[in-house]
Structure formats: structure tokens, C-alpha cells
Amino acid sequence: ALPISMNFLKRLVESVTHGRRVPDNAGAGAEAGGGGAVPSCFPSKDSFLQRIIAAGIPVSEIVDVGVREGTFELIANFPRHRHHLFEPEKHCYGDIAQAYRDVNHVLHAKALGSIDALCYLASFALGNDGVPTHSGIVSEAPRADGRSVVAVEAFRIERFDSLRIAVTDNFLLKVDVDGLDTEVLKGFGDHLRRASVVIIEATAALRSEEHTSELQSHHDLVCRLLL
């Protein structure tokens, strides 16, 4: 991976935001659905990716962990790259097929983590109406009531470095897995050194140094977009 210092990242972020808060309709704030102010030192996903491209940072392909219905900023900025999509939620697959219909992609119906183990994938409905809004991986199966807990199925968590998936050096890694980001990073093992850019999406409650320390043990370039 290209050796880039954290000082370079700081300058890169400042050059995107010009020291001002990113407008909500420019990216992160709008995606958050009004769920909190965007710190002035962080760009939107789209503006950051554009700056990465302009700076000449090599990106060979995309590894997108927790793609849900699609990561449209990555599609827009890297439409000719191959996208490895990791998403265990079956109800998202129709939307994924539509979003990536013109993009070279491989869908991996897998949940990544720091261990190889059998767990449970639970789908939840925030509206208590049986319409899935998010999912989570748990060690013990909750009871599905069809309203708040829509469905539960046994699922296997796997380490990325235990899979026989070939990715080229200087891939861009995006992780958005609702609080298990660090576990996913640990599961990449030495493959993390081969990434040129790592983007972790986290809520304010997950702004811990654990992400940074795990990445810095492998990597020089870290960008956390707080949404």
C-alpha cells in the first residue's frame, strides 16, 4: 500500500472542508437523516472519494463490507472498478442487483468478523411493523415476533483471511457493520496492509480509539467518516 502519513490525511480533509462544516445536502449530514451535526474536520463520503482520486492515491478495486442496498458514492466514483460486496441480508439482494447492474461486482453472501463461528443473524424493525430496517449478528437467537424482531436465522461469521477471495493490492476497504467494525478489521489480518484506503462508517457512539489503533497497527492511512 502507498505509505501516506496521518498528517497528509489531515491536510487532505482540511482541503476538502476548507475548515468549514460540510453542508447537509453535500453528503454525510443528509445521509444521516438529520441525526447529528457533522464535525467540521470531516468531509462527506463523496467529496472525500473525489479528493482521493484527485490526489492520485491508487485504488485497484473495492471491498465493501456491509453494503446493504448499495454504496452509491463508491458506484459513482469508481464505476469501472470491480466491487466485492459483502452482505448477509437476503432481502437486500434485489436492490443490490439493481444498483450494480452496470458495475462489475461480486456479491458475497457472508458476514465477516474476527472469528470463524456459528452465530445468528437477526432482522429488526424500528417501527415495530415487521418491515426490516437493520440487522445484527448475535451469539444467542432472540425470539422472532414478526414485528420488532422480524426474522432470525443461523449464520456463520468468517474471517476475511480464511476465505479464498483474491483481491489485488491497493484495494479500497469500506466497513459499515453497526458496531462490529473492529472485529471485521481484525479478520482481515495481514490483508489490511494491502489496502490503500480504509473507510469506517460509525455513529458518534462508536468514536473510539480502538478503530484507529487496530488500523494503525497495519496501515498508515485512516479515514473515519462519522455519520
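Note that the numbering runs from 1 along the sequence shown for the chain. Being a predicted model, the structure only gives us computed values, none of them experimental.
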Under the side chain to side chain contact (heavy atoms under 4.5 Å, CB included) rule, collect the residues that match up with [X], sequence neighbours excluded.
| X | result |
| --- | --- |
| Phe72 | Ile75, Ala99 |
| Ala109 | Tyr93 |
| Thr133 | Leu126 |

Partners meeting salt bridge (Lys or Arg N to Asp or Glu O under 4.0 Å) with Glu61 (sequence neighbours left out): Arg82
Glu69 side chain to Cys92 backbone, donor-acceptor under 3.5 Å: no
Side chain to side chain contact (heavy atoms under 4.5 Å, CB included) partner of Leu173, chosen from Asp64, Ile199, Val65: Val65
Mind checking what makes side-chain hydrogen bond (donor to acceptor under 3.5 Å, both in side chains) contact with [X], not counting sequence neighbours?
| X | answer |
| --- | --- |
| Asp116 | Ser162 |
| Asp161 | Arg159 |
| Glu153 | none |

Under the ring pair (Phe, Tyr, Trp, His ring centres under 6.0 Å) test, residues paired with [X] that sit two or more places apart:
| X | answer |
| --- | --- |
| His134 | Phe124 |
| His108 | His84, Phe86 |
| Phe171 | none |

Pair listing, salt bridge (Lys or Arg N to Asp or Glu O under 4.0 Å) test, anchored in residues 125-147, at least two apart: none
Residue pairs, two or more places apart or on separate chains, that pass salt bridge (Lys or Arg N to Asp or Glu O under 4.0 Å) and touch residues 93-105: none
Minimum heavy-atom distance Asp181-Asp176, with the two atoms named: OD2-CA, 4.0 Å
Single-linkage hydrophobic cluster, 4.5 Å side-chain cutoff, Ile53 and Leu74 together: yes
